[in-house]
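These values consider heavy atoms only, across backbone and side chains, with no hydrogens, waters or symmetry-generated copies. Order of the sequence lines fixes the chain letters, A, B, ..., with proteins taken first and strands second; residue numbering starts at 1 for each chain.
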Amino acid sequence: MIKNWIAAIGKWFKSLFVITDNKEPKLLTFYKRPGTKSIIASLVSILAGLVVGFIFMVIIALASEDIELYDAFDGLGILLAGPFTGTSNFVLTNFGDMIFYSAPLIMCGLSVAIAFKTGLFNIGAAGQFLMGTMGSLLVALNVNTQNNPAASFFVWLLALVVGTALGFVWGAIPGLFKAIFGVNEVIVCIMTNWIAANIVSWVFSATPDIGNTSSGKAGYLITTKVTGNGTPDLGLSKLFNGSYIDISIILAILAAVVIFIILNKTVFGFELKACGSNKFSAKYAGMNEKRNIVLSMAIAGGLAAMGGTFYYLNPGIEFKFSSAYMSLPSYGFNGIPVALLASSNPIGVIFSGLFLRYLAKGGDSLVIANYNRYISDIIVAIIIYFAGFSRLFIEIMTRRQRKMTEKIGSKMASSLAFEKSPNAADTKGLKNEGSAKEEK
Amino acid sequence: MVLIIQKTLLYAIPLMIVALGGVFSERSGIINLALEGEMIFGAFMGAVVAYSISVSGATMDPQIMFIICMLVAAASAAVFSLLLSFSAINLKADQTIGGTALNMLAPALVNTMGLAFFSQEKLVMPSSFKSYALVNPDVNAFFRIFADKAYISTYIVIVVFVLLSVWLYITRTGMRMRSCGENPQAAASVGINVFKMRYLGSTISGALAGLGGYVYIATTAGGTAESTVAGMGFLALAIMIFGNWKPLGIAVGALMFGFLKCVGAVSSQVEVLSKIGLPMYFYNIIPYFVVLVVLALTAKKSGCPKAEGIPYEKGMR
């Protein structure tokens, strides 16, 4: 029994690499899929980014008097360890925090990714993020459910929905401008970003009763800790030793799966992708490309806004509205690299979001090795730079694959010819029998 | 009135020159999303020179120093932009991705260098580096606009802007460069080296962005170089699209934007406006809002270069 299993496993393992049952090696089949290649391309970019980043660290170590050469190796180790550096007490907290911070990042990445799939560049995620923040905080901070825990969940849900809806509407604006007036969505996104930033500062400066004035603070809002309707954490926070983590990461993963299903399994998703590949042929095929542009941008806006609600509905995060109008939230722009690294694949966005946050967390601990934390930003930038070459990588891989397929194809063809010959079963005696036939 | 025009120029001058940089890149066929990053990088390098000189204690005419710093900023940003050109032209990478990468790389590099070599993230330049070239409070109002409290950068930028715009339109190289953005295959068929032209366009673009970046931090931002230019690069990109990829349109757009922006800045000082009692956020929104409205009314005929963003491949039709 066990022997059979082992034999089956062995056979499967063998079939990965060599031709079995006249089928090409399974690894080659796997390699042939376009998804595999883009994952490999991303991994190559990550590796290249780390290598170049390490070279940078060595250069800085050589140029600076305070940093020794071995610090560069130390630094690389710290960077790769991400949240797992430091004393063991904080590892769990750091890990939980990393997951919490990556949830909004994943949402912004999804937002950029779905727009990319429709051929649009959503550089307005920052504004949509802010609109989501505004909508959700206006609900969550104005209703106090401290004494009524049962209601707090519904208030939270309402805040989430309101924030997302506001982002949906805000995201639709660039889409409408593009569909109706033919205005480039990039410029509208940039303009709406700054309009949103000013609106947010304006609205919150006009609602002083939710401002936090305790201990001499100015320009901050109270948190959902005060009103008691923060994002539920289902005990995760305790599990991760008091970190910020809550269910937002689960919702983010769910959102990614939903977007994946929409894009790949529904007619609507197909239309979006068709518009992205070729607007004119999509129109020719009878699709309403204008409606698709507006909806795609609106969904993108909703996703980024949901990221904003995830971030600020957490009881531990404060929103500083007084400076919101001067600089845009970095989450919005960081969604772009997340989407790019994942080649706009919604499932890939989950991993790239977590990974980029992981690197950033490692960067925060770089002080231990005398480096500053911006090294990790450099590495991320280089990774994205190399991700731009993914098309080149994929082209090279496709070329090599074609060669390999040809080689294997000819092998398979010869073995096929083998089997078709009447005496294929007894390959060893083939020659002898053949000669025997002749004798007859 | 004079105050308003001066403030308008303060915003418009850097916007204008950076947007022209965008034109050079996009007209040669490369989407330059990296304007922001190039601005940051160039500005910082210029500030490094200013800072080092002031620390070393050498005395020089501040106006000459200003020019030297501008040149350094332009040169270093041009070198920085080669990263984008290389990926976009030689490796045929996605230009949006390359631009995004540069936008991320610039602040990270600036912060890293600042902390590693100067132990600070912000470089505050000595006040003599942002002194006015001309101060003539006594002349009549018309001359005061240009001759009073004017930075030397204002004159330089206007001259560079006009010269380069004319160059782009009437010289052979300029026309060749534009043709590479419209139809590179046709350009190549008459013997134009598309790679070279695109490199040229992108490098000029980087230089102008760096120049604009330095002008921005030295004049508009009050002499502090840090890892951000407050979205000026993206705004310049927007102004470029607003100006329909044409220098004249850009000048108009930048002046209009600068004017509306300064209305917000001075709203508290103007009696009529402060009486209405609207918060400054309202005035902050106006420029962005007006740009949107104008775009909605005029965008039908877009001057977007046809081959923009498409890597040039010889055999492609």
Side-chain angles (χ1 to χ4, degrees), chain A residues 56 60 63-64 66-67 116 121 123 126 173 177-178 180-184 186-195 197-203 205-206 325-328 333-334 336-337 340 370-392 395, chain B residues 31 33 37 83-84 87-88 91-117 119 121 227-228 230-231 234-235 237-242 279-285 287-289 291-292 295-302 304 311:
Chain A
F56 248 103
I60 291 174
S64 169
D66 312 330
I67 305 171
F116 266 141
F121 186 33
I123 204 169
I173 295 173
F177 266 78
K178 174 125 186 159
I180 298 173
F181 304 115
V183 184
N184 191 320
V186 173
I187 181 172
V188 184
C189 280
I190 294 170
M191 296 296 143
T192 49
N193 272 347
W194 289 103
I195 294 177
N198 276 291
I199 288 179
V200 168
S201 278
W202 189 356
V203 165
S205 66
Y325 76 99
M326 285 192 291
S327 60
L328 296 169
F333 292 108
N334 289 342
I336 302 171
L340 291 177
N370 297 326
Y371 283 101
N372 57 67
R373 63 195 176 89
Y374 298 106
I375 300 278
S376 67
D377 291 357
I378 293 185
I379 291 177
V380 171
I382 294 169
I383 289 174
I384 298 309
Y385 186 72
F386 281 110
F389 306 153
S390 56
R391 188 157 51 174
L392 193 77
E395 220 169 78
Chain B
I31 297 180
L33 215 63
L83 275 176
L84 174 67
S87 84
L91 297 180
K92 301 178 175 48
D94 190 313
Q95 297 164 7
T96 336
I97 304 184
T100 308
L102 256 65
N103 279 340
M104 297 167 70
L105 189 58
L109 271 181
V110 162
N111 278 327
T112 306
M113 285 193 298
L115 281 174
F117 302 123
S119 317
E121 288 172 36
S227 62
T228 168
F234 287 119
L235 266 185
L237 200 70
I239 292 294
M240 181 199 72
I241 299 172
F242 180 82
M280 64 165 175
Y281 307 115
F282 175 78
Y283 299 104
N284 286 346
I285 290 173
Y288 307 104
F289 187 73
V291 166
L292 283 185
L295 273 176
L297 297 176
T298 59
K300 279 290 178 204
K301 48 176 177 37
S302 168
C304 177

So CD1 of Ile190(A) and OH of Tyr288(B): to nearest 0.5 Å the spacing works out to 10.5 Å
Rounded to the nearest 0.5 Å, the CZ atom of Phe389(A) sits from the CG atom of Leu91(B) at a distance of 4.5 Å
Pair count under 4.5 Å, heavy atoms only, with chain A: among Thr96(B), Leu33(B), Leu83(B), Asn103(B), highest is Leu83(B)
Of the listed Thr100(B), Asn111(B), Asp94(B), the one with the largest count of heavy-atom pairs under 4.5 Å with chain A is Asn111(B)
Minimal heavy-atom distance between Ala93(B) and Gly388(A), with the atoms involved, is CB-O, 3.1 Å
When every non-hydrogen atom of Ile384(A) is compared with those of Ile97(B), the smallest separation belongs to O-CG2, 3.3 Å
Is there a side-chain contact between [X] and [Y] in this structure, where contact means two heavy atoms from C-beta onward sitting under 4.5 Å apart?
X	Y	result
Leu109(B)	Ile378(A)	yes
Leu292(B)	Ile195(A)	yes
Phe333(A)	Phe234(B)	yes
Leu102(B)	Tyr385(A)	yes
Tyr281(B)	Ser205(A)	yes
Asp377(A)	Met104(B)	no

Max heavy-atom pairs within cutoff under 4.5 Å with chain B, candidates Asn198(A), Val380(A), Ile60(A), Val186(A), goes to Asn198(A)
Applying a strict 4.5 Å limit to non-hydrogen atoms, the region of Ile379(A) in contact with chain B is neither
If one checks every heavy atom of Ser201(A) against chain B at 4.5 Å, the contacting part turns out to be both
Give a yes or no on this: more than 12 heavy atoms of other residues, nucleotides or ligands lie within 6.0 Å of atom CZ of Phe121(A). yes
Stepwise side chain to side chain contact (heavy atoms under 4.5 Å, CB included) check, Met191(A) with Leu235(B)
CA-CA 8 Å; Met191(A) 296 296 143; Leu235(B) 266 185; 3.9 Å; yes
So, the part of Leu237(B) with a heavy atom under 4.5 Å from chain A: the answer is side chain
